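For clarity, every value in this text was computed on a predicted model and none was experimentally measured.
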Amino acid sequence: MSSAEYQKVNAASSAGEHVSGDSAAGDALPPDANSAGGSWITRHFAFFKTKRGITITVAVILLIVGGGLAGLAALPKKGNKSAAGEGDGAGDLGDSITSDEHFYGQSPPVYPSPNMTGTGAWATSFKKARDMVGRMTLDEKVYLTTGTTSNTSCSGFIRPIDRVGFPGMCLSDAGNGLRNTDFVSSWPSGLHVGASWNKTLTRRRGNGMGSEFKKKGVNVLLGPVVGPVGRVVLSGRNWEGFSSDSYLSGALVYETVQAVQDVGVITSVKHYIANEQESNRMPANGMESVSSNIDDKTMHEFYLWPFQDSLRAGTGNIMCSYNRLNNSYGCANSKSLNGLLKAELGFEGFVVSDWSAQHAGVATALAGLDMTMPGGDDYWGSKLVEAVKNASVPESRVDDMATRIIASWYKLGQDKDFPTPGIGMASDLTKPHNVVDARNSTFRSILFDGAVEGHVLVKNTRNALPLSNPKMLSVFGYSAKNPDHNGPTIGSSAWVFGAESFNYDEFSNGFFGSAAVGNTPIAFNGTLYSGGGSGATSQSLAVSPFEAIVHRAYEDGTALFWDFHNGNPAVDPASDACLVIGNAYATEGADRPGARDDYTDGLIKHVADQCNNTIVVFHNAGIRLVDQFIDHPNVTALIFAHLPGEASGKALVSLIYGDSNPSGKLPYTVARNESDYAVLGPDLPDAGMFRKFPQSNFSEGVFLDYRHFDANNITPRYEFGFGLSYTSFSYGNLSIEKVADSNTDEYPTGEIREGGQIDLWDVLVRVKAEVTNTGDRDGAEIAQLYVGIPDDGAPVRQLRGFDKVFVSAKGKETVEFELTRRDLSVWDTVRQKWRLKKGGKYVVEVGGSSRDLPLKGTANL
């Protein structure tokens, strides 16, 4: 066995992977960078120090790898019905597994890590980076890979290397706005953006948000989020992403990445990959992180899809996740990092670990990790230098790490006019500090429009909305008002992590402790501008719903009554309308305890029993079920207000008074019952053999959200893509045309660039339709296109296009969609390529939601 093959086996042993190779006499395994006393495997198993032991092991490996791959391909497709508090039942009551050896071969090994090649738009920056890295010492190159402390509040920091002119790097949270600093905006969160279905507005948000990061001296924006993508309905971080649909997520992450990077800030698209629950996300109490077990086809057709779009957009960074993937840690998984990301998808940027997600030294280096955060002395730093010197890690791998990092820095122009890293990120806002106001008056319209368009009106009976000169309004519910405090603090606090409205003790138990299912479903102490955790926003200014209502009532001379604390408030039946404003809280560190709560539902029914025009508003950081009250005859309207950011109150008042016309649509499905979902809650450890290694089997495949509802003929309460307006729309004149002279060969043949083979993006079919505004008000409609691919086992329909178009009253507009090779393909697990289904009829449907598709036709390839 060659020295390189020995390094692979050593790395795989630490990563939960197995690697095949030929044995050779006389060689010895090099020490792991994790310690000075030999590798983890040789320290624990002396058998592996012998030639006989190595030879036998390699023979066994070959069998395991083959069996492991076959097992992954054959994962069952039955939907997982687990709920919060229920395990997956992956184990039995036999002896508990105590070692990773049990899982060897489940994640195929892919080595070596591909070097950056500098293709396409990276050519110039690659050349500059190689020159700079070539002038660095080994210690300096390792500095680039290893986070360090700083006198800033940056989430992570790379030290400067003055000798070669590198000023350092500030990395900071997150994808919804800059956290833990002053003089920044609170932008609409990812889920709110998804509900807008507006690509142009998404791009404007990205430009504005990126500009604030740049002015504060932040080189890397730690976002946007496309993992989780919403597999687990109660996942604590779904609100950071855009949608429960991979296509919609991919389209919006593409716009966000390009917009943020256009202003010179690197995006860190996260969390790669299959980071779908918070429960057991990190090793604790003798238990490893949960393993997301996914077959190859599901990986490509669902979870990898939006990451692929982010690469095509040119993201400079990908963040690897806490979870294990097929029982190998995400930041040490050579299949996902070397194989999928850097080889198959041609990623030219660098991979950074999620904070404290690195659990091995040599293994992570060889598997494709390029930077570790927030520090790296446990595994890298001086230990990585030692690993290079003892030949455990080739110096060429460190060169590639450093080159990828510096090339991203050059490509975004951060060598030219970028502020000093962290210049606006004071470490203690309670002490005198340099004020850097990153806000811009031009952002205010983007903040307002973004807040408006992410509200989704799903019920509006008896013309409840818009309000028309009410004489009396009554307002109830804990989410109407601002939290009791909004102010900077030193160290960890509710303000730092977006828990001002929540119980901070409960938040910190999940965030800083062993992640589990939360106990409290709502934030009692005020409205939600974002969810909690590292993706939270910092409010320098925010307008609550009640503040905006008070202002409007004062201008109109409307009598106003309110009660934010009583679950059974007194209600004046003379009220023209009663608003009940509640929320559904979610945070990093814990999954949600449920998709509804009895307290809020009881409050709604209590008010509705006494007020015949009860309007319900939810600031929901995830899917919120409503069947306990929605059919009450006095509940006349329902708005999912999501997480609007600082313009929350102004946006809501503009909508309920009719100054703005609702145009948002659901980026997920609202079921009638919890049992209707494919996967409701997280998979929790069982008491059997896997109790130390929690397992989450993604056996439902791609059949999640509307795909699952369609496949099982389940009627939702509100379907994916649904939303009401104050006007109405109709559809007509469907046109489907195959692009002349387009290449419709079964498989793509193009070169690999960022995002995969370049001909995956060739347009094969163009679709047109007309949208008519049949009402009396101007409004915007989101036209949606769904495709049924003629393949056994494929979903009935999948979103493959959308266009948000403004249509004047009684007017008409044409929407156009382009279907690419990837849009019309399925993943071939044998050829390992996207495959067009030749000779079959592709069903094309266009309409206003996933279940309102009046136009239907076919496309033949």
Side-chain angles (χ1 to χ4, degrees), residues 451-452 455 457 459-484 486 500-501 522-529 542-585 597 599-620 624 626 629-630 632 634-644 646-660 662:
V452 166
H455 286 71
L457 177 66
K459 181 177 183 180
N460 190 23
T461 59
R462 304 204 307 258
N463 295 317
L465 294 175
L467 299 175
S468 178
N469 299 314
K471 292 182 178 181
M472 178 190 293
L473 286 179
S474 293
V475 183
F476 306 98
Y478 47 88
S479 200
K481 70 179 188 69
N482 263 323
D484 293 335
N486 178 59
E500 303 98 320
S501 300
I522 60 179
F524 274 104
N525 190 40
T527 197
L528 298 181
Y529 296 106
V543 180
S544 72
F546 184 62
E547 288 171 327
I549 291 169
V550 168
H551 179 77
R552 181 62 178 257
Y554 183 82
E555 294 297 320
D556 293 349
T558 302
L560 190 64
F561 295 94
W562 64 89
D563 186 339
F564 305 141
H565 300 288
N566 195 339
N568 296 288
V571 180
D572 189 331
S575 302
D576 292 281
C578 298
L579 275 67
V580 182
I581 305 177
N583 64 46
Y585 185 72
D597 75 274
Y599 174 83
T600 307
D601 287 356
L603 170 64
I604 293 167
K605 288 187 287 186
H606 172 81
V607 172
D609 284 343
Q610 302 169 73
C611 180
N612 65 6
N613 189 19
T614 300
I615 297 164
V616 179
V617 178
F618 280 118
H619 296 107
N620 54 311
R624 211 302 187 170
V626 297
F629 66 83
I630 196 62
H632 193 296
N634 290 339
V635 173
T636 55
L638 171 62
I639 296 174
F640 288 115
H642 298 113
L643 302 168
E646 66 179 51
S648 174
K650 291 178 67 65
L652 180 62
V653 166
S654 181
L655 286 163
I656 65 176
Y657 278 88
D659 299 329
S660 298

Next on the checklist: Quick one, Ile639 with Leu465, criterion side chain to side chain contact (heavy atoms under 4.5 Å, CB included). Give me CA distance, side-chain angles, the key distance, then yes/no.
Outcome noted: CA-CA 11 Å; Ile639 296 174; Leu465 294 175; 4.0 Å; yes

Checklist entry - Would the number of heavy atoms belonging to other residues, nucleotides or ligands and lying under 6.0 Å from CG of Asn469 be above 12? => result no

Next on the checklist: A side-chain contact here means heavy atoms from C-beta on lying under 4.5 Å apart; do Pro569 and His606 qualify?
Outcome noted: yes

Next on the checklist: Below 30° counts as parallel, above 60° as perpendicular, anything between as tilted: where do the rings of Phe546 and Phe564 land?
Outcome noted: perpendicular

Item to check | Check: His551 and Glu547 side chains under 4.5 Å, non-hydrogen atoms | outcome: no

Next on the checklist: Under the salt bridge (Lys or Arg N to Asp or Glu O under 4.0 Å) definition, can you give me all pairs with a residue in residues 599-617, not counting sequence neighbours?
Outcome noted: Asp601-Arg624

Checklist entry - Side chains of Phe476 and Val571: closer than 4.5 Å at any heavy-atom pair? => result yes

Next on the checklist: Quick one about Asn613 and Thr636 (side-chain donor to acceptor, distance below 3.5 Å, no hydrogens or angles considered), yes or no?
Outcome noted: yes

Next on the checklist: Please determine whether the number of non-hydrogen atoms from other residues, nucleotides or ligands lying under 6.0 Å from atom CG of Asp556 exceeds 12.
Outcome noted: yes

Checklist entry - Can you name the closest pair of heavy atoms from Leu560 and Ala553 and give their distance? => result CD2-CB, 4.2 Å

Item to check | Least distance between heavy atoms, Asn620 atom then Ala641 atom | outcome: OD1-N, 3.8 Å

Checklist entry - Do the ring planes of Phe618 and Phe629 sit parallel (below 30°), tilted (30 to 60°) or perpendicular (above 60°)? => result tilted

Checklist entry - Are any of the side-chain heavy atoms of Ser648 and Pro545 separated by less than 4.5 Å? => result yes

Checklist outcome for this item: So CG of Leu473 and CD1 of Ile615: to nearest 0.5 Å the spacing works out to 8.0 Å

Item to check | Heavy-atom donor-acceptor pair, Asn583 side chain to His619 backbone, under 3.5 Å | outcome: no

Checklist entry - At what distance, to the nearest 0.5 angstrom, does NZ of Lys650 lie from CG of Asp659? => result 10.0 Å

Checklist outcome for this item: Residues Leu655 and Pro466: closest non-hydrogen pair is O-CB, 4.4 Å

Checklist entry - Can any side-chain N or O of Arg552 pair as donor or acceptor with the backbone N or O of Tyr657 at less than 3.5 Å? => result no

Checklist entry - Within the distance-only criterion (no hydrogens, no angle test), does the side chain of Tyr529 pair as donor or acceptor with the backbone N or O of Ser544 below 3.5 angstrom? => result yes

Checklist entry - Tell me the side chain to side chain donor-acceptor pair (under 3.5 Å) pairs involving residues 565-580, sequence neighbours left out? => result Ser474-Ser575

Item to check | No-hydrogen, no-angle side-chain donor-acceptor test under 3.5 Å, Tyr478 and Thr600 | outcome: yes

Item to check | Smallest separation among heavy atoms of Met472 and Phe561, with atom names | outcome: CE-CE1, 3.8 Å

Checklist entry - Roughly how far, to the nearest 0.5 Å, is CG of Asn460 from CD1 of Ile656? => result 11.5 Å

Next on the checklist: If you apply the rule side chain to side chain contact (heavy atoms under 4.5 Å, CB included), what do you find for Lys459 with Val626, and how did you get there?
Outcome noted: CA-CA 11 Å; Lys459 181 177 183 180; Val626 297; over 6 Å; no

Checklist entry - So how far is it from Leu528 CG to Ile581 CD1, rounded to the nearest 0.5 Å? => result 12.0 Å

Item to check | Interatomic distance, Ser501 atom OG to Asn486 atom CG [nearest 0.5 angstrom] | outcome: 9.5 Å

Next on the checklist: Restricting to non-hydrogen atoms, name the atom on Gly567 and the atom on Leu603 that form the minimum distance, rounded to 0.1 Å.
Outcome noted: O-CD1, 3.6 Å

Checklist outcome for this item: CG of Asn482 to OG1 of Thr527, rounded to nearest 0.5 Å, is 7.5 Å

Checklist outcome for this item: Between Asn525 and Asp484, the two heavy atoms sitting closest are OD1-OD2, 2.8 Å

